[in-house]
Amino acid sequence: GDSSWSEEEIVDLAWAELVAGEPSDVVCETADGKLLVSWAAAVNAGYYLVKVETVGVPSETVAEVRTQATSAGIVLPELGEYSVTVTACSPGGVSSASAMPVVGELELGAVGKVTAEGVDRQTLGVGWPAVALAEGYRVKVFELGGDTAEFKSDYSGDTTSIKPGSAIP
């Protein structure tokens, strides 16, 4: 029989050229109880692995995220400092982790707009939006008079409002 095999051809794949480049410009910020991590795109990256560890000895991995984007919002278990590295991955292999771990600190956000509703000259209801990861709130009550503010009482609790007529301990 007659075979119609083609001539042998050798293909040299330059795997090194297919390996993803190293992610750079890693930045950490916080918002709404999340650690927001962003970085510059790496050459040949198909996806990225973001690793978050506690700062200290020994460190503990608390989150690993796989994403095709150049940013990730990561919910962490508690407030504190975290070390973040980003690795780029491609069919040719993985890059080195981002040059230096970036330390991001997850902090509580600020309380937003506080609203107050007066019932009469002695009774006031107060409310505010919840803050992610907050375990409680403290409200201080002052009486304003001219150029002074005299401390009257405070409230500590885990609710986001004090109803009109509620006693402030």
Query raised in the report: Transitively linked via ILVMFWY side-chain contacts under 4.5 Å: Val26 with Leu36?
Result: no
Query raised in the report: Rounded to the nearest 0.5 Å, what separation is found between the CD atom of Glu64 and the OG1 atom of Thr87?
Result: 9.5 Å
Query raised in the report: So which heavy atom on Ala42 is nearest to which on Gly21, and how close?
Result: CB-O, 3.2 Å
Query raised in the report: Do Ser38 side-chain atoms and Ser71 backbone N/O form a donor-acceptor pair below 3.5 Å?
Result: no
Query - Thr61 vs Val52 side-chain heavy atoms within contact, under 4.5 Å - result: no
Query raised in the report: Between Ala20 and Ala45, what is the shortest heavy-atom contact and its length?
Result: CB-CA, 4.0 Å
Query raised in the report: Looking at side-chain heavy atoms only, is the closest gap between Tyr82 and Ile74 below 4.5 Å?
Result: no
Query raised in the report: With a 4.5 Å limit on heavy-atom distance, are the side chains of Pro23 and Tyr48 in contact?
Result: yes
Query - Side chain to side chain, Val86 and Leu49, heavy atoms closer than 4.5 Å - result: no
Report task. Kindly give the heavy-atom pair with the smallest separation between Asp25 and Ala40, and that separation in Å. Result -> OD2-CB, 3.9 Å
Requested in this report: May I ask you to decide whether Glu53 forms a salt bridge with Lys51, counting only side-chain N to carboxylate O separations under 4.0 Å?
Outcome: yes
Query raised in the report: Should Val27 and Val37 be marked as a side-chain contact (heavy atoms from CB on, under 4.5 Å) after you check the CA-CA gap, both sets of side-chain angles, and the distance that decides it?
Result: CA-CA 6 Å; Val27 175; Val37 184; over 6 Å; no
**Report entry** Side chain Thr67, main chain Ala69, donor-acceptor under 3.5 Å
**Finding:** yes
Requested in this report: Starting at OH of Tyr47, measure out to CZ of Arg66 and round the result to the nearest 0.5 Å.
Outcome: 4.0 Å
